[in-house]
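Start at 1 and go down the list; that is how both ligands and their atoms are numbered.
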Amino acid sequence: MGLSAPAIGARKVRNGHDPLVMVTAYDAPGARVASDAGADLILVGDSVAMVVLGYDDTLQVTVDDMVHHTAAVARAEPDCHIVGDLPWMSYHVSAEETVRNAARLMRAGAHSVKLEGGRKRLPMVERIIAAEIPVMGHIGLTPQSVHAMGGFKVQGKQAEQARKLIQAAKSLAHAGCYAIVLEGVPVRVAEAVTEAVEIPTIGIGAGMHCDGQVLVYHDLLGIEDRFTPKFVRRYADLKTASTDAVRAYAADVRSGAFPSHDEAYHMVDAEADELLGLYGSD
Ligand code: KIV
């Protein structure tokens, strides 16, 4: 299972710890890659909507979708802490529904859940934690608020907005969150938030002063190549490698080079001869 939520909650860089490494994964092969590579946390993110399911934003995925993908990741038994992402509208209606939805992700194999938003989410955060489920916060550019924000825009560029983010982080930490994702905020704001709280901040598009970093699997591997945000570093170009491989396969099928003799199953000669006897050669 990797690190527990309380162990992650103690991982402040300023206290001498290494930065936390989180990566998204949505299925068993991705979970095995993350685990073999030594990631501390796997986030089964609602980004699955955009990088796997073909939607334009994250609003389309449901709790059923997230349970399906969380269970696939958990079945790989990665040596990582698995964070299940609560999708839009799964923690907005009532406390009862929120706790039930968080529990569904836990029963699917998550070790904690993540939800987006600051102070207005505090009642739901408290109810989930009261049900013994660890919660990771997520503030700044919160993709589930894409329409309210007027697009995927960097948040906290004005001092007053930044002050509100620092307050939100303090409130989430006070409510019992064990870590906070900081997405799409200026470096100076991420630094101030990280200084202000005793729990680790995990940044994405938030610069180098956070207590950890998270990237989307398909972005860092270059599987998703239609749009590259400024903060993404590509460590591979698997879209090109995959396209080249499938193109080579197609060419081999069309030329007859695939499959070869060794890539097929064969009968022993006596059985093949008998078959020929049964059906003849015409
Ligand atoms: O869903 C996701 O992948 C996320 C990360 C971008 C933090 O929430």
Side-chain angles (χ1 to χ4, degrees), residues 8 19-27 30-31 33-34 39-63 65-70 72-73 80-91 101-102 105 108 110 112-118 121 125 135-146 149 151-156 165 168-169 172 177-185 190 193-194 199-207 210-221 223-224 226-234:
I8 295 165
L20 289 160
V21 178
M22 181 156 88
V23 63
T24 67
Y26 315 101
D27 55 21
V33 169
D40 298 308
L41 301 97
I42 289 175
L43 170 63
V44 188
D46 63 356
S47 51
V48 68
M50 298 170 78
V51 295
V52 174
L53 301 178
Y55 294 117
D56 288 335
D57 58 44
T58 59
L59 306 185
Q60 308 303 327
V61 283
T62 62
V63 175
D65 293 326
M66 296 311 298
V67 164
H68 178 78
H69 287 279
T70 302
V73 165
C80 308
H81 182 100
I82 301 172
V83 185
D85 214 2
L86 282 165
W88 181 60
M89 286 307 285
S90 69
Y91 55 95
N101 288 331
L105 294 186
S112 64
V113 299
K114 177 173 82 57
L115 58 77
E116 296 182 5
R121 301 288 166 236
V125 168
V135 177
M136 176 181 281
H138 182 166
I139 57 173
L141 192 173
T142 45
Q144 291 174 15
S145 320
V146 58
M149 291 182 308
F152 295 106
K153 293 184 177 156
V154 174
Q155 301 293 299
L165 283 175
L172 289 169
C177 286
Y178 72 94
I180 298 174
V181 168
L182 279 181
E183 178 167 357
V185 297
V193 170
T194 302
I199 56 173
T201 57
I202 302 180
I204 175 162
C210 297
D211 298 298
Q213 297 291 330
V214 53
L215 278 180
V216 168
Y217 187 86
H218 291 61
D219 287 339
L220 91 86
L221 291 179
I223 300 170
E224 174 56 77
R226 290 169 300 174
F227 171 67
T228 310
K230 172 183 171 138
F231 59 80
V232 168
R233 187 177 296 177
R234 291 208 190 291

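- Every atom of ligand 1 is numbered from 1 in the order shown, and the set under 4.0 Å from a heavy atom of Thr24 is 3 (O).
- Within ligand 1, counting atoms from 1 as listed, the ones closer than 4.0 Å to a heavy atom of Asp85 are 1 (O), 8 (O).
- Residue contact check: Glu183 has heavy atoms under 4.0 Å from atoms 6 (C) of ligand 1.
- Side chains of Tyr178 and Val135 form no contact here, defined as non-hydrogen atoms less than 4.5 Å apart.
- The single protein non-hydrogen atom nearest to atom 2 (C) of ligand 1 is Ser47 OG, 3.3 Å, given as residue, atom name and distance.
- Nearest heavy-atom pair across Val83 and Lys114 is CG1-CB, 3.8 Å.
- Among all protein heavy atoms, the one lying closest to atom 5 (C) of ligand 1 is Leu43 CD2, 3.7 Å.
- With hydrogens and angles ignored, the 3.5 Å screen pairs a side-chain donor or acceptor of Gln144 with a backbone N or O of Leu86.
- Geometrically, ligand 1 and Tyr26 share no nitrogen or oxygen pair separated by less than 3.5 Å.
- Taking the six-membered ring for Trp and thresholds of 30 and 60 degrees, Tyr26 and His218 have ring planes inclined between 30 and 60 degrees apart.
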*Tell me, with the steps shown, if Met66 and Val44 meet side chain to side chain contact (heavy atoms under 4.5 Å, CB included).*
CA-CA 8 Å; Met66 296 311 298; Val44 188; 4.2 Å; yes
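- At the top of the distance list for atom 8 (O) of ligand 1, counting protein heavy atoms only, stands Lys114 NZ, 3.0 Å.
- Contacts between Val48 and ligand 1, counted as non-hydrogen atom pairs separated by less than 4.0 Å, are absent for every part of the residue.
- In the model, Thr194 has a side-chain atom that pairs as donor or acceptor with a side-chain atom of Thr201 under 3.5 Å.
- For ligand 1, the polar-atom distance check against Glu116 finds no nitrogen or oxygen pair separated by under 3.5 Å.
- Shown in contact with Ile204 at under 4.0 Å from a heavy atom are these atoms of ligand 1, numbered in order with element: 6 (C).
- Summarising the geometry, atom CG belonging to Leu172 is positioned 8.0 Å from atom CG belonging to Leu115; distances are rounded to the nearest 0.5 Å.
- For Ile82 against Val73, the heavy-atom pair with the smallest separation is CD1-CG1, 4.0 Å.
- Between His138 and ligand 1 there is a heavy-atom distance shorter than 4.0 Å.
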